[in-house]
J.: 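Before I ask anything, here is the structure I am working with.
These values consider heavy atoms only, across backbone and side chains, with no hydrogens, waters or symmetry-generated copies.
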Amino acid sequence: MQHLSLKLSEIADTFMQVLAPDIVPFPSLISLTLESFYLYDDDVLFRGNSASLEQLYILIDRDTVLKLNRLGVFKNRVKALRNVYLSEEYDTEDLSRTLKAELDTFLCDLMCTVHKVVSGTVSTTKYLVEASQPQHDFKNIKSLDTSDSPLSLHDTMCLLMALPALTILKCGTNGLGSGFAHVSMDELPDYITSSYNEAGRFLNAWKVTSFNSESQSLDVEYVMLLALACPNSADFYKSFTN
């Protein structure tokens, strides 16, 4: 089997009960979709397929983060993983407050070999921004899509600094961000070009989605300042959600 999608916990529980700990059920798995949280106490779904697993859709919650960290599923094991889709059920706890260190470890181990990341919720985008530090190993990510959740310009710049290989960025706008509150608007262009001169060096395509068509002045500021920071970008597209 090369493609596996698990949606129902009842199916997953039954599946788990018939497997011995030493069985490798999916040695050639290419794509894994987990539309429920990780329910197992071992690495059964990831066992023996580190050289073939290329695509992963995963829901993030406390148990998933703690279990997969404990099992070391992503730490130097998913060598072929290139595409990751992050999601989360609504109304779950803010893991960036309650599980910060474990969450950062989870994301950094997961992203080590990944080229394309899609963040499907506001929370997962927040987690990604907070885990994206220049010292963390996000160096292989070439495409990032956070279109379903807005980013401030400050968060966007932080991501660009942490993702030096990024060539494609899709994101929503959310103003300039509190991280620039200490800089006046007159000084901001020079501040961005001097402080973030290493950001977006290879960015050549970006799509900005506005979540509020009435805030076009802020969107223009966002776009112009991002363009200053990423002068090599050749392809730009802007759209509105409403």
J.: Can you tell me how far apart CG (Leu103) and CZ (Arg97) are? Round to the nearest 0.5 Å.
T.: 14.0 Å
J.: Grab the two heavy atoms, one from Met111 and one from Val117, that are nearest each other, plus how far apart they are.
T.: SD-CG2, 3.6 Å
J.: How long is the gap from CD1 on Ile58 to CG on Leu86, to the nearest 0.5 Å?
T.: 8.0 Å
J.: Please name the pair of heavy atoms, one in Tyr38 and one in Asp42, separated by the smallest distance, quoted to 0.1 Å.
T.: OH-O, 2.7 Å
J.: Would the distance check show the side chain of Arg47 and the main-chain N or O of Pro25 forming a donor-acceptor pair, the cut-off being under 3.5 Å?
T.: no
J.: Near Met185 CE, under 6.0 Å, is it more than 12 heavy atoms from other residues, nucleotides or ligands?
T.: yes
J.: Nearest 0.5 Å, what's the OG-CG distance between Ser31 and Leu56?
T.: 8.5 Å
J.: Check side-chain contact (heavy atoms from CB on, under 4.5 Å) between Ser152 and all other residues, then give those that pass, not counting sequence neighbours.
T.: His154, Asp155
J.: Just jot down the ring pair (Phe, Tyr, Trp, His ring centres under 6.0 Å) partners of Phe202, sequence neighbours excluded, or say none.
T.: none
J.: Got a sec, which residues hit side-chain hydrogen bond (donor to acceptor under 3.5 Å, both in side chains) with Lys67, two or more places apart in sequence or on another chain?
T.: none
J.: Could you go through Thr146 and Ser119, starting from their C-alpha distance and side-chain angles, then the distance that decides it, and tell me whether this counts as side-chain hydrogen bond (donor to acceptor under 3.5 Å, both in side chains)?
T.: CA-CA 5 Å; Thr146 66; Ser119 178; over 6 Å; no
J.: Nearest 0.5 Å please: distance from the CD1 atom of Ile60 over to the CZ atom of Phe106.
T.: 5.0 Å
J.: Do Leu53 and Phe26 touch side chain to side chain, with heavy atoms closer than 4.5 Å?
T.: no
J.: Applying side-chain contact (heavy atoms from CB on, under 4.5 Å), can you list everything that pairs with Lys100, at least two apart in sequence or on another chain?
T.: Asp104, Glu130
J.: In terms of hydrophobic clustering (I, L, V, M, F, W, Y; side-chain heavy atoms under 4.5 Å; direct or indirect links), are Val122 and Val129 co-clustered?
T.: no
J.: If you take all heavy atoms of Leu81 and Gln55, which pair is closest and at what distance?
T.: CD1-N, 3.8 Å
J.: If you round to the nearest 0.5 Å, how far is CD1 of Ile141 from CG of Leu159?
T.: 9.0 Å
J.: So, for Leu95 and Tyr127, which heavy atoms are closest and what is the spacing to 0.1 Å?
T.: N-OH, 3.0 Å
J.: Not counting sequence neighbours, which residues clear ring pair (Phe, Tyr, Trp, His ring centres under 6.0 Å) with Tyr57? List them please.
T.: Tyr85
J.: Do you reckon Val223 sits in the same ILVMFWY cluster as Leu151, going by side-chain contacts under 4.5 Å, direct or chained?
T.: yes
J.: Determine the minimum heavy-atom distance between Asn174 and Tyr222, stating which atoms define it.
T.: N-CE1, 4.5 Å
J.: With respect to Cys230, which candidate in Leu225, Leu160, Leu169, Leu166 satisfies the side chain to side chain contact (heavy atoms under 4.5 Å, CB included) definition?
T.: Leu160
J.: Going by heavy atoms in the side chains, are Leu153 and Leu226 under 4.5 Å from each other?
T.: yes
J.: Spell out, as yes or no, whether a donor-acceptor pair under 3.5 Å connects the side chain of Ser195 to the backbone of Ile192.
T.: no
J.: Enter the distance from Phe37:CZ to Asp63:CG here, rounded to the nearest 0.5 Å.
T.: 9.0 Å
J.: Tell me every residue that passes side-chain contact (heavy atoms from CB on, under 4.5 Å) with Pro164, counting only those two or more places apart in sequence or in another chain.
T.: Lys139
J.: Set out, in order, the CA-CA distance, both residues' side-chain angles and the distance that settles side-chain hydrogen bond (donor to acceptor under 3.5 Å, both in side chains) for Ser52 and Asn49, then state yes or no.
T.: CA-CA 5 Å; Ser52 63; Asn49 51 42; 5.3 Å; no
J.: Decide yes or no for Leu66 and Leu99: does some side-chain heavy atom of the first lie under 4.5 Å from some side-chain heavy atom of the second?
T.: yes
J.: How far apart are the C-alpha atoms of Arg62 and Thr98, what are their side-chain angles, what is the distance that settles it, and do they pass the side chain to side chain contact (heavy atoms under 4.5 Å, CB included) test?
T.: CA-CA 9 Å; Arg62 169 179 287 270; Thr98 60; 3.5 Å; yes
J.: Got a sec, which residues hit side-chain contact (heavy atoms from CB on, under 4.5 Å) with Ser143, two or more places apart in sequence or on another chain?
T.: Lys116, Ile168
J.: For Thr193, check side-chain hydrogen bond (donor to acceptor under 3.5 Å, both in side chains) against everything at least two apart and list the hits.
T.: none
J.: Please list all pairs passing the salt bridge (Lys or Arg N to Asp or Glu O under 4.0 Å) test where one or both residues lie in residues 179-200, with sequence neighbours left out.
T.: Glu198-Arg201
J.: For residues 159-178, which residue pairs qualify under ring-ring contact (aromatic ring centres under 6.0 Å, His included), counting only residues two or more places apart or in two chains?
T.: none
J.: Just by distance, do the side chain of Thr113 and the backbone of Val78 share a donor-acceptor pair under 3.5 Å?
T.: yes
J.: Which residues satisfy the side-chain hydrogen bond (donor to acceptor under 3.5 Å, both in side chains) test with Asp109, sequence neighbours excluded?
T.: none
J.: Enumerate donor-acceptor pairs with a distance under 3.5 Å from any side-chain N or O in residues 68-77 to protein atoms, sequence neighbours excluded.
T.:
unit_1 : atom_1 : unit_2 : atom_2 : d
Asn69  : ND2    : Glu102 : O      : 2.9
Arg77  : NH2    : Asp43  : OD2    : 3.0

